Amino acid sequence: LPARAPILVLPLLASLGCAALGGHGPVPKDVAMCRELSCQGVAALEAGQWQRAEQLLAQAVEASPTDAVSRRHLAEVLWRRGDARGALLQIEAAARLDPGDAALAVRAGELLLETGAVERAFERAARAISADPQLAAAWALRGKVNWRRHRTEQALADLQRALHLAPQSAAALLDLATLYRERGQHQRSLTTIHHLIDHHASSQVPPRALLLEGLALGELGRWTEAAELAQTIDQYKARHRRRSEERRAGKECRSRWSPY
């Protein structure tokens, strides 16, 4: 089954920022307050101030409960802070408020799938495809849902459709390679991983892609290449561990010595 890691869209939210909340002409006081609080919440989110972001975005939702954008932001923060139930309540409310937003339906489906609500996730995927049949993420979501439902043929078709619409999608390529591996199609899995690696910078290649490449090489009896790749993976882990330690040390220094 596809890996069940949190799928964050924080870079997207940050890039939207206040622009997603803007408008033309005068607006009611409660809407203006909601937009201002949402902008502050997004700024806190960008700065990694999760608790402050949650407080500000909750105030934004309280100021204007019908604002779908602030609810979507709040859902992401709640998800990041481990409140899956609260995140689902907010993202589904946002999706109901803006039923024509296919990307929002996809995000709601992704969170539902993460929590095991497979059939509800399927409904969101279907709504997203109906709203925008050209949205690759909607087909990718339906593929992952069908995979979880053990409908692998349909999952395969959905993921291939997603890649037809967005040929370089790293997430869809990774899911497709994993599905091929589960089906015993190791050469296809390897070819898919190589396509991912060839079309992305090394910093953008998910670590799991290297693992899948090594597994496929082993299944195909290409032991020398698999051993060389294992060394590369060990080096990657060492670099990642060192960078994590450096980030923790820097954060500790700032918290101890910063006057702010």
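Here the structure is a predicted model, which is why all the values come from computation and not from measurement.
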Next on the checklist: Applying side chain to side chain contact (heavy atoms under 4.5 Å, CB included) to Arg149 and Glu119, what does each step give before you reach the verdict?
Outcome noted: CA-CA 9 Å; Arg149 298 163 91 196; Glu119 295 308 315; 3.2 Å; yes

How far apart are the closest heavy atoms of [X] and [Y], and which atoms are they?
X: Ala216; Y: His186; result: CB-O, 3.9 Å
X: Ala94; Y: Ala68; result: CB-O, 3.5 Å
X: Ala121; Y: Val145; result: CB-CG2, 3.9 Å
X: Ser70; Y: Cys34; result: OG-SG, 3.7 Å
X: Glu54; Y: Leu74; result: O-CD1, 3.9 Å
X: Ala105; Y: Arg124; result: O-CB, 3.5 Å

[Y] reachable from [X] in the ILVMFWY side-chain graph, under 4.5 Å edges:
X: Leu159; Y: Leu156; answer: yes
X: Leu196; Y: Leu210; answer: yes
X: Val205; Y: Leu217; answer: yes
X: Leu78; Y: Leu45; answer: yes
X: Leu173; Y: Leu165; answer: no

Checklist entry - Do Glu228 and Thr224 pass the side chain to side chain contact (heavy atoms under 4.5 Å, CB included) test, and can you show the C-alpha distance, the side-chain angles, and the key distance before you say yes or no? => result CA-CA 6 Å; Glu228 292 173 352; Thr224 301; 3.8 Å; yes

Checklist entry - Does a salt bridge link Arg183 with Glu153, judged by any charged N lying under 4.0 Å from a carboxylate O? => result yes

Checklist entry - Would Arg120 and Glu123 pass as an ion pair if we require N to O under 4.0 Å? => result no

[atom2] on [Y] to [atom1] on [X], rounded to 0.5 Å:
X: Gln154; Y: Arg161; atom1: CD; atom2: CZ; answer: 11.0 Å
X: Leu212; Y: Thr192; atom1: CG; atom2: OG1; answer: 10.0 Å
X: Asp30; Y: Arg35; atom1: CG; atom2: CZ; answer: 10.0 Å
X: Leu179; Y: Gln160; atom1: CG; atom2: CD; answer: 9.0 Å
X: Leu215; Y: Leu220; atom1: CG; atom2: CG; answer: 11.0 Å
X: Leu176; Y: Gln185; atom1: CG; atom2: CD; answer: 9.0 Å

Is the backbone of [Y] close enough, under 3.5 Å, to the side chain of [X] for a donor and an acceptor to pair up by distance?
X: Arg72; Y: Ile91; answer: no
X: Ser169; Y: Ala166; answer: no
X: His199; Y: His195; answer: yes
X: Ser189; Y: Ala177; answer: yes
X: Trp139; Y: Ala125; answer: no

Between the side chains of [X] and [Y], is a donor N or O closer than 3.5 angstrom to an acceptor N or O?
X: Trp147; Y: Glu182; result: yes
X: Arg208; Y: Thr178; result: yes
X: Glu213; Y: His194; result: yes
X: Glu36; Y: Gln40; result: yes

Item to check | Charged tip of Arg142 within 45° of Phe122 ring normal and under 6.0 Å | outcome: no

Checklist entry - So is Arg81 actually on top of Trp50's ring, under 6.0 Å and inside 45° of the axis? => result no

Are any non-hydrogen side-chain atoms of [X] and [Y] less than 4.5 angstrom apart?
X: Glu76; Y: Arg107; result: yes
X: Lys144; Y: Arg148; result: no
X: Leu88; Y: Leu112; result: yes

Item to check | Arg222 atom CZ, neighbour heavy-atom count above 12 within 6.0 Å | outcome: yes

Checklist entry - Can you check side chain to side chain contact (heavy atoms under 4.5 Å, CB included) on Glu219 and Arg181, steps first, answer last? => result CA-CA 10 Å; Glu219 293 288 353; Arg181 171 173 167 74; 3.7 Å; yes

Item to check | Stepwise side chain to side chain contact (heavy atoms under 4.5 Å, CB included) check, Val61 with Asp67 | outcome: CA-CA 7 Å; Val61 170; Asp67 186 82; over 6 Å; no

